[in-house]
Asker: 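Here it is, the structure in full.
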Amino acid sequence: MSEPQVILGTNRTGVQTSPEGTARQLEATRMFPADVPGDMSVYTAERERAIREADLIGSVPPPATTKGMVKTALDKTIGKAPEVLIDKLGERLAFERTGVRLYEAMVAKATSAPGADPALVETLRSIQADELEHMNIVREAIETLGGDPTAMTPCADVAGVKAMGVLQVLTDPRTTVSQSMSAILTIELEDNAAWELLIELAQKGGHPLIAKRFKHALEQEETHLATVRQFIRTDLLEQVS
Ligand SMILES: [Fe+2]
């Protein structure tokens with residue numbers, strides 16, 4: 001990155017820039033208190049009440065195919081509650097699919113940034129291809145277990161909500177490559193932890209072949225994480241030295 005990504009400017013968000021404005025803001029907080037009277041414990045109590053009354057986010061559908069149902073029934077004798085694995089597989093599928101789109105946004109960012117680095121774009125495209133491959137590995141695993149990969153499982157729903165912040169950072173035209181790569185780091189850290197856990201779950205559930213394919217994905221995710229971390233590190237160190 002030859003162009004500076006952090007600039008000095010007329011930022012007036014800090015209290016030091018306007019002691020008078022700060023006093024008026026403090027006065028305003030006294031004049032217009034929060035809608036819900038009381039301190040944080042009131043919010044906590046309200047949240048607790050809502051949690052007790054709420055339904056679950058969703059459910060895992062029963063296997064659609066006869067073949068799958070038999071397989072699931074058989075698997076139940078080996079591993080307990082296959083729906084737990086299906087739920088987490090649904091989450092992985094949603095996350096990897098989102099990953100492909102996030103990297104698409106990242107490519108646009110890296111391509112159009114001042115001082116664009118073609119090597120970075122190439123790396124991003126290669127990671128994106130891996131994420132697509134992972135998505136298909138998970139889809140096949142769900143099909144093997146008799147599940148419907150198009151069904152949104154509860155954990156898949158949660159994964160979608162979680163990734164929204166990252167998507168917003170990446171698709172905001174004003175964010176820099178560095179800021180966007182930091183958002184990508186969040187994704188890659190989770191990718192690593194999630195694949196590790198999936199391998200364990202698949203093994204425990206009696207699916208060694210699925211676990212073996214997942215190990216391949218984990219190895220690729222480890223490389224993604226190292227690559228993203230190294231990029232962020234080099235980029236920032238170059239700016240300060
Ligand atoms: Fe990844």
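Just so you know, residue 1 is the first one in the sequence shown, and it goes up from there. Whatever order the structure lists ligands and atoms in, that order sets their numbers, starting from 1.
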Asker: Any N/O/S atom of His224 sitting less than 2.8 Å from the Fe ion (ligand 1), backbone or side chain?
Answerer: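 Yes, within the cut-off.
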Asker: Write the atom name of the N, O or S atom in Asp191 that is nearest the Fe ion (ligand 1).
Answerer: OD2
Asker: With a cut-off of 6.0 Å (strictly less than), are more than 12 heavy atoms of other residues, nucleotides or ligands near CD of Glu140?
Answerer: yes
Asker: Check this for me, if you would: do Glu104 and Arg101 make a salt bridge, where the nitrogen-to-carboxylate-oxygen distance has to be below 4.0 angstrom?
Answerer: no
Asker: Strictly by modelled atom types, are Asp130 and His224 linked by a side-chain donor-acceptor pair under 3.5 Å?
Answerer: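 Result is yes, a qualifying pair exists.
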Asker: Tell me, please, which residues at least two apart from Glu219 pass salt bridge (Lys or Arg N to Asp or Glu O under 4.0 Å).
Answerer: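 With neighbours one apart ignored, the set is empty.
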Asker: Is the distance from the Fe ion (ligand 1) to some N, O or S atom of Glu96 under 2.8 Å?
Answerer: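 Coordinating: no.
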Asker: Could you state the interatomic distance from OG (Ser182) to CG (Leu170), rounded to the nearest 0.5 Å?
Answerer: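 Reported to 0.5 Å precision, the distance equals 10.0 Å.
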Asker: Have a look at Glu188 and say which of its N, O or S atoms is nearest the Fe ion (ligand 1).
Answerer: OE1
Asker: From Glu131, does some N, O or S atom reach closer than 2.8 Å to the Fe ion (ligand 1)?
Answerer: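 Glu131 does place an N, O or S atom closer than 2.8 Å to the Fe ion (ligand 1).
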Asker: For Glu221, what is the atom name of its N, O or S atom nearest to the Fe ion (ligand 1)?
Answerer: OE1
